[in-house]
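Input: a single structure, listed below in structure tokens.
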Amino acid sequence: MVTIDIKNCNLTQIYESGQCFRWEMLAQGGFRIPHGNHEVQVIQKDHTFQFNCSQQEFEDIWSDYFDLSTDYGAIIGRVDSKDRYLTEAVRYGEGLRILRQDVWEIIITFLLSQNSNIPRIRKNVRDLFALTDGRVPTPSQLKAMSEEDLRALGVGYRAKYLIGAGKFFSDYQPEQLYTMSYEQAHQTLMKCPGIGPKVADCICLFGLHHVDAFPIDTHIRQILSSHYPKGFPLEQYRGCAGILQQYMFYYDLKK
DNA sequence: ACCCAGGCCATCT
DNA sequence: AGATGGCCTGGG
């Protein structure tokens, strides 16, 4: 068991924020948190967290997963106080963090996310992973699945994208993406069936931690048109724009 | 009933 | 290059 204080970390906010779809809320407000084929249970009381794992595992895996080396308070502090909307958004979601998730897991889950909603994505991911005994299906396992079997899970037309991604990443190791720049990774991801500009940006932000990736979905598009008609000031927020996007997305989602 | 949800792709002009 | 419609499914 590891007990630790963490600032700017609210498990419920992260759970709701639509960046991870395999977390499960437990009784007493704890969470079961899968990451690749690892898993931990965490309980939060204010700023104090209990991880039911060894100190060694915490340092090897979970400290990095929760991006504990990044000061989110400093990012919030960068927000222009004259920007009322953004100031309110970061205040509202002050417990959000961008998790450092496994890129292949993120590819699968964000392929399923398109034209969908959070409860349905969770169900699709759970049902898909159940086919491989709760583990993350490997590219070759996905490649070998039939479109019919996948459609039976209710993933609809995304079934062929999953198979296509399995094929694509059987030849092309997902881990290679970690060595690339944001632009390179985005360009490469777009070559995979079912990955367009928006999903590629989500994978860059949530799977590769390229914090300048700025995914524009229907919510963000709406926010930009009403609050930033001239576009979001990406240059001003270089190095954290994607993180600010997450605060705006969450604020809009909960309103 | 109808529309939309964290879009992508094929098929046009 | 840019615009349009189709696509699976579930919930409001």
NA contact type, [X], heavy-atom cut-off 4.0 Å: base, sugar-phosphate, or nothing?
X	result
Q245(A)	nothing
R151(A)	sugar-phosphate
I121(A)	nothing
Y250(A)	nothing

Rounded off to whole Å, could you give me the [atom1]-to-[atom2] distance for the [X] and [N] pair?
X	N	atom1	atom2	result
I220(A)	dG7(B)	CD1	P	11 Å
I216(A)	dC8(B)	CD1	C1'	16 Å
D127(A)	dC8(C)	CG	P	19 Å
L150(A)	dC8(C)	CG	P	13 Å
Y157(A)	dG6(C)	OH	C1'	10 Å
D252(A)	dC4(B)	CG	P	16 Å
R122(A)	dA5(B)	CZ	P	18 Å
L189(A)	dC9(B)	CG	P	12 Å

Step through it carefully: locate the ring centre of Y85(A), locate the ring centre of Y251(A), and say whether they are under 6.0 Å apart.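 Yes.
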Answer with yes or no after comparing the ring centroid distance for Y237(A) and F214(A) against a 6.0 Å cut-off, counting only values under it.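 Aromatic pair excluded; centres sit 6.0 Å or further apart.
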Mind checking the [atom1] distance from [N] to [M]? Whole angstroms is fine.
N	M	atom1	answer
dC2(B)	dG6(C)	P	15 Å
dA3(C)	dA5(B)	C1'	22 Å
dC8(C)	dT11(B)	P	15 Å
dG10(C)	dC9(B)	P	23 Å

DNA chain C contacts made by residues 89-120 of chain A, counting heavy atoms under 4.0 Å: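 N115(A), R120(A), in order of number.
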Taking all non-hydrogen atoms of both residues into account, name the closest pair between [X] and [Y] and its distance.
X	Y	answer
D217(A)	H219(A)	OD1-N, 2.8 Å
L189(A)	A200(A)	CD1-O, 4.0 Å
L26(A)	F31(A)	CD1-C, 3.8 Å

Can you tell me which stems DNA chain B forms, taking runs of 3 or more consecutive Watson-Crick or G-U pairs with both distances under 3.5 Å?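 Stems (3+ consecutive pairs) listed as B:2-5 with C:9-12, B:7-13 with C:1-7.
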State which residues pass ring-ring contact (aromatic ring centres under 6.0 Å, His included) with Y72(A); sequence neighbours excluded, sorted by chain then number.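 Y72(A) satisfies ring-ring contact (aromatic ring centres under 6.0 Å, His included) with no residue once adjacent residues are dropped.
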Side chains of L111(A) and V155(A): closer than 4.5 Å at any heavy-atom pair?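 Counting from C-beta outward, L111(A) and V155(A) never come under 4.5 Å.
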Parallel, tilted or perpendicular: which describes the rings of Y65(A) and H35(A), with under 30° parallel and over 60° perpendicular?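 Ring orientation, 0 to 90° scale: tilted.
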Can a salt bridge be assigned to the pair R126(A) and E24(A) using a cut-off of 4.0 Å between side-chain N and carboxylate O?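 E24(A) and R126(A): not salt-bridged.
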Rounded to the nearest 0.5 Å, what's the gap from CD on Q19(A) to CG on L96(A)? Could you check?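 Going from the CD atom of Q19(A) to the CG atom of L96(A) covers 7.5 Å.
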For S17(A) and for G194(A), find the nucleotide of DNA chain B with the closest heavy atom, then tell me which residue's nucleotide is more 5'.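 Looking at DNA chain B, the more 5' nearest nucleotide goes with S17(A).
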